[in-house]
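Encoded as structure tokens, the structure appears first; notes follow it.
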Amino acid sequence: MPPFLPGTVWLVGAGPGDPGLVTLQAAWALAQADAVYFDALVNEEVLRLARDDCERVFVGKRAGCPSPKQSEITALLISSARAGKRVVRLKGGDPYVFGRGAEEAQGLVAAGTRFRASPGVTAGVGGLAAAGIPVTHRDVNQSVTFLTAHDAKGALSERLDWTALSAGAPVLVVYMGFRLMRVIARKLLEAGRPEAEPVAVVANATTPRQQVVLTTLARLAAGEDVAGVEPPAIVVVGGVVALAPVLGMAAAHADAAIADAVR
């Protein structure tokens with residue numbers, strides 16, 4: 001493992017939720033850390049990997065709730081590192097996949113603070129796998145597009161070219177699109193995606209609270225099938241969703257068999 005020196009910051013991916021999906025490097029960093037600044041989507045069990053005397057600071061952001069500004073979080077990381085601490089910035093999924101990790105890294109570079117990015121399993125891959133949905137399949141798609149519907153203010157991004165997105169990739173994986181998923185579905189229908197195209201909404205992926213809703217683009221646009229689903233959630237559009245009933249059920253049966261054997 002690379003040395004974790006005092007006065008440095010590691011941007012660490014905590015994975016999609018299941019603590020078993022934390023990387024060895026992430027676990028090692030947490031065991032060495034003097035301070036951990038963590039997000040709202042980080043599983044509490046992952047925090048148990050840190051030392052008992054490690055300082056734990058919640059700096060999470062949730063839509064509609066009071067939360068620290070990005071500049072304030074970066075300032076905390078810099079200040080803690082300058083105090084000679086080994087600092088872990090723990091982020092759900094992967095810090096560089098729609099996680100503002102790059103913004104924090106830029107701030108650390110500007111301040112002259114040494115840092116390392118430690119990748120994590122992103123929800124758009126690991127979370128979908130837990131639901132029985134592979135993001136690629138040779139018979140279905142040769143490309144996949146990952147996108148977030150939000151702009152910096154939390155509104156629907158005006159930068160997204162829905163016609164190009166619709167035509168450019170057979171599978172679309174939408175991060176942080178829960179509040180806007182009906183609007184997104186309508187945008188894709190207007191851009192030419194078929195009404196019957198399969199869609200999955202996967203909430204709280206890889207955790208005991210995981211919910212998987214299988215629907216179609218037209219039904220999602222109408223707000224059907226998703227009552228009772230709570231964020232955080234990933235939305236995936238495309239033919240790979242059709243594999244979920246088979247692969248997801250097989251995985252569930254395997255988990256049940258393992259649980260029975262353990263008992």
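Residue numbers start at 1 and run along the sequence shown. No experiment lies behind these values; they were computed from the predicted model shown.
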Identify whether [X] and [Y] are in the same connected component of the hydrophobic contact network (ILVMFWY, side-chain heavy atoms under 4.5 Å).
| X | Y | result |
| --- | --- | --- |
| V236 | V174 | no |
| V59 | F38 | no |
| V237 | L128 | no |
| L147 | V235 | yes |
| I234 | F178 | no |

Going from [atom1] on [X] to [atom2] on [Y], what distance comes out if it is rounded to the nearest 0.5 angstrom?
| X | Y | atom1 | atom2 | result |
| --- | --- | --- | --- | --- |
| N204 | R209 | CG | CZ | 4.5 Å |
| T207 | E45 | OG1 | CD | 10.0 Å |
| K187 | L217 | NZ | CG | 13.5 Å |
| R89 | L11 | CZ | CG | 8.0 Å |
| L156 | L180 | CG | CG | 5.5 Å |
| L30 | L90 | CG | CG | 5.5 Å |

For the pair [X] (side chain) and [Y] (backbone), establish whether a donor and an acceptor sit closer than 3.5 Å, ignoring hydrogens and angles.
| X | Y | result |
| --- | --- | --- |
| R56 | C54 | yes |
| T216 | R219 | yes |
| K91 | G99 | yes |
| D161 | A164 | yes |
| D94 | Y96 | yes |
| N43 | G17 | yes |
| S118 | V12 | no |
| R193 | L188 | no |

More than 12 heavy atoms from other groups under 6.0 Å of [atom1] on [X]:
| X | atom1 | answer |
| --- | --- | --- |
| D53 | CG | yes |
| E72 | CD | yes |
| E224 | CD | yes |

Original post:
When you look at V226 and M181, which way does the side chain to side chain contact (heavy atoms under 4.5 Å, CB included) test go after all the steps?
Top reply: CA-CA 10 Å; V226 291; M181 57 187 172; 3.9 Å; yes
Original post:
How far apart are the C-alpha atoms of V241 and E197, what are their side-chain angles, what is the distance that settles it, and do they pass the side chain to side chain contact (heavy atoms under 4.5 Å, CB included) test?
Top reply: CA-CA 9 Å; V241 173; E197 185 164 28; over 6 Å; no
Original post:
Among V87, L47, V57, which residue meets the side chain to side chain contact (heavy atoms under 4.5 Å, CB included) test with V36?
Top reply: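 Filter result, single survivor: L47.
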So, for [X] and [Y], which heavy atoms are closest and what is the spacing to 0.1 Å?
| X | Y | answer |
| --- | --- | --- |
| A81 | V9 | CB-CG2, 3.9 Å |
| A33 | V88 | CB-CG2, 3.7 Å |
| A244 | A131 | CB-O, 3.9 Å |
| T206 | G126 | CG2-O, 3.9 Å |
| V201 | A233 | CG1-CB, 4.0 Å |
| F115 | V109 | CE2-CG2, 3.5 Å |

**OP:** Using a strict cut-off of less than 4.0 Å between a Lys/Arg side-chain nitrogen and an Asp/Glu carboxylate oxygen, indicate whether K85 and E55 qualify as a salt bridge.
**Re:** yes
Is there a side-chain contact between [X] and [Y], using heavy atoms and a 4.5 Å cut-off?
| X | Y | result |
| --- | --- | --- |
| R48 | P19 | no |
| W28 | T23 | no |
| L160 | S157 | yes |
| F98 | M176 | yes |
| Y37 | I73 | no |
| L214 | P245 | yes |
| R114 | L5 | yes |

Could you give the side-chain donor-acceptor pairs of residues 132-146 under 3.5 Å, partners two or more places apart or in another chain?
{"residue": "H137", "atom": "ND1", "partner": "D139", "partner atom": "N", "Å": "3.0"}
{"residue": "N141", "atom": "OD1", "partner": "H137", "partner atom": "N", "Å": "3.0"}
{"residue": "N141", "atom": "ND2", "partner": "V135", "partner atom": "O", "Å": "3.0"}
{"residue": "N141", "atom": "ND2", "partner": "S143", "partner atom": "O", "Å": "3.0"}
{"residue": "Q142", "atom": "NE2", "partner": "R138", "partner atom": "O", "Å": "2.8"}

**OP:** Please name all residues satisfying side-chain contact (heavy atoms from CB on, under 4.5 Å) with T74, sequence neighbours left out, ordered by chain then number.
**Re:** Q70, I78, E104
Original post:
Mind checking whether F4 and W10 have ring centres under 6.0 Å apart?
Top reply: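 Under 6.0 Å, so yes.
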**OP:** For the pair F58 and V42, evaluate side chain to side chain contact (heavy atoms under 4.5 Å, CB included) and give the outcome as yes or no after the intermediate values.
**Re:** CA-CA 10 Å; F58 175 72; V42 172; over 6 Å; no
